[in-house]
Amino acid sequence: MAITYLDAIREAQARALEEDESVYIYGQDVAGFGGAFKATKGLAERFPGRVIDAPISEDAIVGSAIGAAIEGMRPIVEMQFADFSSIAFNQIVNQAATHFWRTGVSCPITIRLPSGGTEGSGPFHSQSLESIYAHYPGLIVMTPATVEDAYGMMLEAIRIDDPVIFCEHKLLYYHLKADALPKTILPVGKARIARAGRHATVVACSAMVHEALRAARELAEEGWEIEVVDLRSVKPIDTDTILASVARTGRLLAVGEGFPWGGMTSEIVSRVAAEGFHLLDAPPQRLNSKDTPIPYHPNLWRAHRPTWQSISAAARNLIRL
Amino acid sequence: MAITYLDAIREAQARALEEDESVYIYGQDVAGFGGAFKATKGLAERFPGRVIDAPISEDAIVGSAIGAAIEGMRPIVEMQFADFSSIAFNQIVNQAATHFWRTGVSCPITIRLPSGGTEGSGPFHSQSLESIYAHYPGLIVMTPATVEDAYGMMLEAIRIDDPVIFCEHKLLYYHLKADALPKTILPVGKARIARAGRHATVVACSAMVHEALRAARELAEEGWEIEVVDLRSVKPIDTDTILASVARTGRLLAVGEGFPWGGMTSEIVSRVAAEGFHLLDAPPQRLNSKDTPIPYHPNLWRAHRPTWQSISAAARNLIRL
Amino acid sequence: MSHPTSNVAPLSADSPASQRERFVSAFGWMLLARTFEDKIAALYRAGKIVGGVYLGRGQEAFSAALGMQLNQAQGDIFSGLIRDQAGRMAFGELLIDSARTYLGSVEGPMRGRDGNIHRGRPRQGMPAMISHLGAMVSVVNGMLIAKRFRGERDVVGGATIGDGGTSTGAFHEGLNQAAIEKLPLVIAVADNQFAYSTPTSQQYACADLADRAIGYGIRGYSIDGTDLETCLETFSEAIARARSGEGPQLVVGKLLRLAGHGEHDDARYIPADMREKPYGADCVPMAQHRILEENWMSEDEIEEQVRITQDRVEEAVAKAQSEPDPNPFRESWHALATKHLAEGTIAMD
Amino acid sequence: MSHPTSNVAPLSADSPASQRERFVSAFGWMLLARTFEDKIAALYRAGKIVGGVYLGRGQEAFSAALGMQLNQAQGDIFSGLIRDQAGRMAFGELLIDSARTYLGSVEGPMRGRDGNIHRGRPRQGMPAMISHLGAMVSVVNGMLIAKRFRGERDVVGGATIGDGGTSTGAFHEGLNQAAIEKLPLVIAVADNQFAYSTPTSQQYACADLADRAIGYGIRGYSIDGTDLETCLETFSEAIARARSGEGPQLVVGKLLRLAGHGEHDDARYIPADMREKPYGADCVPMAQHRILEENWMSEDEIEEQVRITQDRVEEAVAKAQSEPDPNPFRESWHALATKHLAEGTIAMD
Ligand SMILES: Cc1ncc(C[n+]2csc(CCOP(=O)(O)OP(=O)(O)O)c2C)c(N)n1
Ligand SMILES: Cc1ncc(C[n+]2csc(CCOP(=O)(O)OP(=O)(O)O)c2C)c(N)n1
Ligand SMILES: [Mg+2]
Ligand SMILES: [Mg+2]
């Protein structure tokens, strides 16, 4: 039986609903319809009354989830697309993120953001917002890149007492497959060496891990061994694992699908520069999407985001520096 | 006659209203009342019908300003506090920021954000959001630190054909004074050497420039010459001026009042690490506010944000590295 | 529940000839929209369209009646959403621009940067919707405010939204803003029973969305959105009232989305018996029936118009398909009008 | 304009004795709130309070009538905003907690992290408002949804807002959500004629904000917010209806803010003649007058109560002032409940 990344997210939600009666799901079209991407398919029937269709009111969706969480529930909110979380932005960053710190009462909500670009999805159905949310104190931001992590981290996200922004990549939904659901997972907060290497470290998360792995395979044919670090969560960042990798390779390339100014890649590079300066044999480099909205047309979209080709080129460059 | 930072902002708006009939001001309590901070005091009387009170509807305030800008007006929007721009977030980052790129029609709006912490203003009246807006393609983000820049950059902000996020610091409003309004200003996009030095470069913007200058004076007594770079705009960043400074000093400390994860300081440090690695004699460092919401109590608030004391300590540390 | 319209005489009393002309002309736009969207749907099924395809099937009368009765040349505005193919074209959007945007042609108004229904020519009174529902209302307000500043007093802005979109905060803020500023805004709410899969019972709890009007201090109309004549009459009145300074007008049309949410959606969740309800009728054959009944056109004339319409659509699509795709190497890759402040790449040409 | 209340008999028919008790008890909360806020204002003028001070002067009757008639012990919720000193205390907030928050005591519910009216004890039915107006409505909805999930059927949530706050998208989304879910929510809109300096004419265009109710399919009430008896009656009914499953209730009280927006504001923009309008009355002396008129208390008894209230306030303030300020070196400086995932500092103690 092959389990997709999407199945994993659904199964994790099903298990959480099964095991903890304080869990419920709230979002547009999540009940009978099973969600725009079918991430909640069948759950409304299996768990009557616990998967609820919401009006087109992202602010109130998240606001009410916060209220329920304060009262001890563990709501899972599905945004139809990550991009629409801009409407819930205030509730997320000012209400959910500050709640525990202000009141001492925790706010265990999980906000699922179907994230990242796909062909033809354009400026408003493609965004990667992990860096926006990671900027704010009080949020945990997860960016699973594998089926195993999609499952395990979703379970963890629901169990954690803090608001979790769960960035699930739409490009991985159907194509990424595993043989079975995992029995154990790496703890949240730990990065994973997705591929070992010694000539350079590429740090990435979510869909970019797969582009980086493909680039690493490509470069392996040229004799270069690229180490790929899968961040898993961008807040917290596992700086130790990154530094240990850079200690082995002496070279760093941070790759992100987000916009270039001030996101995850700059955070990685500046941490390594500050804390692991002496480990670096060459200037640490970054590769991001371009500084424009995300284009609709596939020709443009493919050039806008980092791909295995552009990662390969950047890594080759880095090795030569 | 002493001109405050706040006067400068008001005078710049007055001049723009005077010179360009497509300029108008829209925001809560900006008309008769002259704004929560009096940044528009007297303008409604001087320019009848062109300074308009808005309902408590930040989304519609910015949305309508965008519509007017598309039609050729140059609206100035005052947010009562930067923190409330979270309600207008979607219109700013998805409508204003993408408009020119999508349609080829420019969207010349200026959004004034009374920013930054002051004593007792707490988690929701203290935020520094320059890094959030700078992350998005299509926005210009200005962070004036002087009376001259408050005036000159406000005029520029209104003239520029793109949406400008104008982060004006509340702590500078009344205390920062100049003898007269400037006749010329440095172009937008250029950083300024606020103080020359040779042992280390401190890059900062807005109120932090003054903390950095005070730290530099402190360290000068110990024999250390700190160069202070005033960024002026965080998007674009004048990387050249920063690199030239680091070339002189070999050391970099980036200081920001925002939250620590992924903001302006990480962008500065990672640019210098990537583009000026060989210029660095020591690991580049960052100093930000702490990773919690902004505390209400002055005891906590003073410890939360960088101050001249913590900048001095960090700079001493850096020089020793 | 009674609505203000019921006891108010329509402002526009048309002669029979102009009534016929208006009806037939609206029918033409409906037919064009339906034909074009059928073609786009076919292309989608053939894998020739990238991204989503959302159809206005069933809403052509309601949409066209607004778009057609606004006056683009006079400075009016029409802000359409995902189901306003008919209204957009009736207002003045060129068929070729629609085709180009679906097909990603670099010649289109969005130059391949944005696609499908995310299109517009804001300088010609057609703002380009962003996806976030509700967000366009205040944008239209702002366009009207600009015109007011410039002393253009006779303009009206039309903006459309769905039942689902009325639940957004942006819609509320926008409508309230328009009411306070007494802007000449006509809001058309297509209450098509669903927002994606979500029925109206999960969207609002009032008897009729037109009941919202009184809470904004504006005029509300609740009409059969499948009947072209009713739509034409009502929007004619609403536009006239807005134009004459009576402030925002909220027109709610009852109808049914006669398609999936998008072409990827088989809409199995729509109960079959909804098609039998009054709001479940298909406005296009209904309008055609009326035309024949009234002898405004003959069967032959209609057949001829269908053929011509199909040809126009085929031609536009073929043209758009023959135009170049965007070239990433010729893109400027920056997002600012102020080129010298861009951090991104700058165009090489 | 007619409101549903007008022809409905109140659900709670009180005996004269309990009517007196309710009135006198509400007066007690109003007096306490007024006395406490006068003290806080004096401290502010003396430079002893850091940050803003916002008073509920003129709104005590409207606020207390809701807070007092909710039942904290039974699981009810009261979500107050900046002018709800009276309602908060009437609901169950401790005087000392109010004093501590204004004075930044580390013993207070916010431990100096947040201040003034930004306080609460969410686990005791008192969510801690964020500044962003409108945002608390859906939070209360969520608390009610949680209680519904747990089978606590008899609870009611009260949430307050101002005329200005009704213009927010968050208010609309929250109220609509409550209506759809038929939540036992009582929304009290204190229409105090101004939002900061902005008059209601720039805030809404309907005749009465209670007109919004029909558009949400909920019950609306429009009342004199300065008259304690009316407030008590109306909220009693609204709470009873919400509790019995009738869904959200929207109560609009007409009154006047008898202070500046905050204590920094001299409110010169409020026309003097507004004080002469019916809504311009001061509810505290009005209620006192009624008590004397009805012989529910004697002048002496009232004087005695005033004195006791002042003593209580002085005592609470003195206690809060004597408590330690927060110590930055003992702060954990991280914002997560899940300590091991925090990137910030972790407490040393
Ligand atoms: C703020 C926001 N949330 C979610 C979506 C995703 N979405 C796109 S269309 C749609 C349903 C819209 O329903 P309705 O407003 O009734 O319009 P209809 O599709 O029926 O024409 C949804 C939920 C969106 N576009 N904007
Ligand atoms: C979303 C938002 N925008 C702006 C503000 C700033 N602000 C604080 S109170 C206030 C006026 C509130 O008016 P109203 O709702 O009528 O309440 P009142 O002060 O009259 O009790 C404003 C504009 C805010 N708190 N939230
Ligand atoms: Mg619909
Ligand atoms: Mg008010």
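The chains referred to below are lettered A, B, ... by the order of the sequence lines, with proteins before strands, and numbering in each begins at 1.
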Side-chain heavy-atom pair [X], [Y] within 4.5 angstrom cut-off:
{"X": "D/Ile130", "Y": "A/His99", "value": "no"}
{"X": "D/Leu341", "Y": "A/Asp162", "value": "no"}
{"X": "A/Ile87", "Y": "D/Glu173", "value": "yes"}
{"X": "A/Glu21", "Y": "D/Phe149", "value": "no"}

Among the options D/Gly174, D/Ala135, D/Ala170, pick out the one with the most heavy-atom pairs lying under 4.5 Å from chain A.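 The residue among D/Gly174, D/Ala135, D/Ala170 with the greatest pair count is D/Ala135.
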With chain A, the option among D/Pro127, D/Gly169, D/Ser138 that has the most non-hydrogen atom pairs under 4.5 Å is D/Ser138
Neighbours of chain D found in residues 263-274 of chain A - heavy atoms under 4.5 Å: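 Checking residues 263-274 of chain A against chain D gives A/Arg271.
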Side chain, backbone, both or neither of [X] within contact of chain D (heavy atoms, under 4.5 Å):
{"X": "A/Ile237", "result": "both"}
{"X": "A/Gln95", "result": "both"}
{"X": "A/Val62", "result": "neither"}

Contact list for residues 133-152 of chain D, test salt bridge (Lys or Arg N to Asp or Glu O under 4.0 Å), sequence neighbours left out: A/Glu71-D/Lys147, A/Glu71-D/Arg150, D/Lys147-D/Glu152, D/Arg148-D/Glu181, D/Arg150-D/Glu152
Please report the interatomic distance [atom1]([X]) to [atom2]([Y]), rounded to the nearest 0.5 Å.
{"X": "D/His340", "Y": "A/Ile160", "atom1": "NE2", "atom2": "CD1", "answer": "6.5 Å"}
{"X": "A/Thr103", "Y": "D/Arg123", "atom1": "OG1", "atom2": "CZ", "answer": "8.5 Å"}
{"X": "D/Ile180", "Y": "A/Ser57", "atom1": "CD1", "atom2": "OG", "answer": "6.5 Å"}
{"X": "D/His132", "Y": "A/Asn90", "atom1": "NE2", "atom2": "CG", "answer": "4.5 Å"}
{"X": "A/Arg159", "Y": "D/Thr338", "atom1": "CZ", "atom2": "OG1", "answer": "13.0 Å"}

Which one wins on heavy-atom pair count under 4.5 Å against chain D: [options]?
{"options": "A/Arg102, A/Lys235, A/Met73", "answer": "A/Arg102"}
{"options": "A/Ile56, A/Ile66, A/Val105, A/Thr98", "answer": "A/Val105"}
{"options": "A/Asn94, A/Val188, A/Ile52, A/Ile140", "answer": "A/Asn94"}

For chain A, find its close neighbours in residues 102-117 of chain D: heavy-atom separation under 4.5 Å, sorted by number, or none. D/Pro109, D/Met110, D/Arg111, D/Arg113, D/Asp114
Report, by ascending residue number, the residues of residues 74-94 of chain D in heavy-atom contact with chain A at a distance under 4.5 Å; give 'none' if the set is empty. none
D/His172, part contacting chain A, at a heavy-atom distance under 4.5 Å: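 Neither part.
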By a 4.5 Å heavy-atom criterion (distance strictly below it), what part of D/Ile145 contacts chain A: side chain, backbone, both, or neither? side chain
Contact summary for A/Ser64 and D/Gln177, nearest pair of heavy atoms: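 So the two residues come closest at OG-NE2, 3.2 Å.
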